[in-house]
Amino acid sequence: MRPARAITTTASALAVAISVAVGAVACAPEPSPAAEEPSTPSTKAETPAPPVLEAADPTAAADPAGPGFASDARSDALPQHSIDDPSSLWVVTNKHRPLDPLDYEPSDLVMPEGIDNVNGQPLRAEAAAAATRMAQAASADGVWFRIGSAYRDYAKQEYLYTSYIARDGQAEADTYSARPGFSEHQTGLTADFDDASSCYLWACFADTAAGAWLAEHAAEHGWILRYPAGSEHVTGYTFEPWHFRYVGEPLALEMRERGVATLEEYFELAAAPTYLE
């Protein structure tokens, strides 16, 4: 995305406060169509005009770490992982970057222990263990949350996405639900967290005790808020304060320390507001 460091990322807490203050409401990302959902508001908050992002220089020197890997220049302390391999903790999937293969299925899915799981969906082993530790840390602070949604395979995502097109039309569905083969949930590294309140899958989740705790502490357990407020022009999705992606503690903490909001910006990838076809 042209250097990421040139993009100033608004502090997460401030962005959330502004979004909620003006009444921003995010659409439910991928819940079961049969589940009861709140009525869609007649108006939504306007997203501020995005900054103009310059295209990456094609003549720039090749990344010394090789194609699809994080550059050592970002941090000498971080291990290097592929951002293309779907089995990598750092895989980046967005509207420009489908999983390869499209029907990828993780080989190490397990059920997270010690945390309520509404739909009984698994996570990859490392992410599951991290979710357990994070829930325990939150409980020690008097905060409770559960997993509302976790791993979904290609077929499940195809069913959900098709149902949203039938309900809202494709243009609207693309703002809150990934096409099959493009979904972070298919990696087994993503969880939607829920506090059983009326704010689940709505922007006001950011103002709940669970949402605030996750925004402040998730990085300490290897999770990042994947679709932050004000980054819709980069990620292609509406603000989702419940949607967290596991990337491991080293990367999550570095992104927090440097104030980098998205994986696209950290890895200097092009913004992906729409699909390429």
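Remark: R179 is positioned above the aromatic ring of Y275, its terminal NZ or CZ atom under 6.0 angstrom from the ring centre and at most 45 degrees off the axis. Relative to the six-membered ring of Y237, K95 meets both conditions, a distance below 6.0 Å and an angle of at most 45° to the axis.
In this structure, E249 places its CD atom where more than 12 heavy-atom neighbours from other residues, nucleotides or ligands lie under 6.0 Å away.
Hydrophobic clustering of Ile, Leu, Val, Met, Phe, Trp and Tyr side chains at less than 4.5 Å, counting indirect connections, keeps Y151 apart from Y161. Transitive grouping of hydrophobic side chains (ILVMFWY, heavy atoms separated by less than 4.5 Å) brings Y176 and Y159 into a common cluster.
Residues passing the ring pair (Phe, Tyr, Trp, His ring centres under 6.0 Å) test with F205, sequence neighbours excluded: none.
Side-chain contact check for Q186 and Y104: no donor-acceptor pair (N or O, by modelled atom type) lies under 3.5 Å.
In summary, E184 and R226 engage in a salt bridge, as defined by a charged side-chain N under 4.0 Å from a carboxylate O.
For W144 and F193, the ring centers sit 6.0 Å or farther from each other. For W90 and F267, the gap between ring centers is short of 6.0 Å.
For the pair I147/P112, a side-chain contact is recorded, criterion being any heavy-atom separation below 4.5 Å from C-beta on.
For the disulfide (SG to SG under 2.5 Å) condition, the pairs that include at least one residue of residues 116-199, sequence neighbours left out, are C199-C204.
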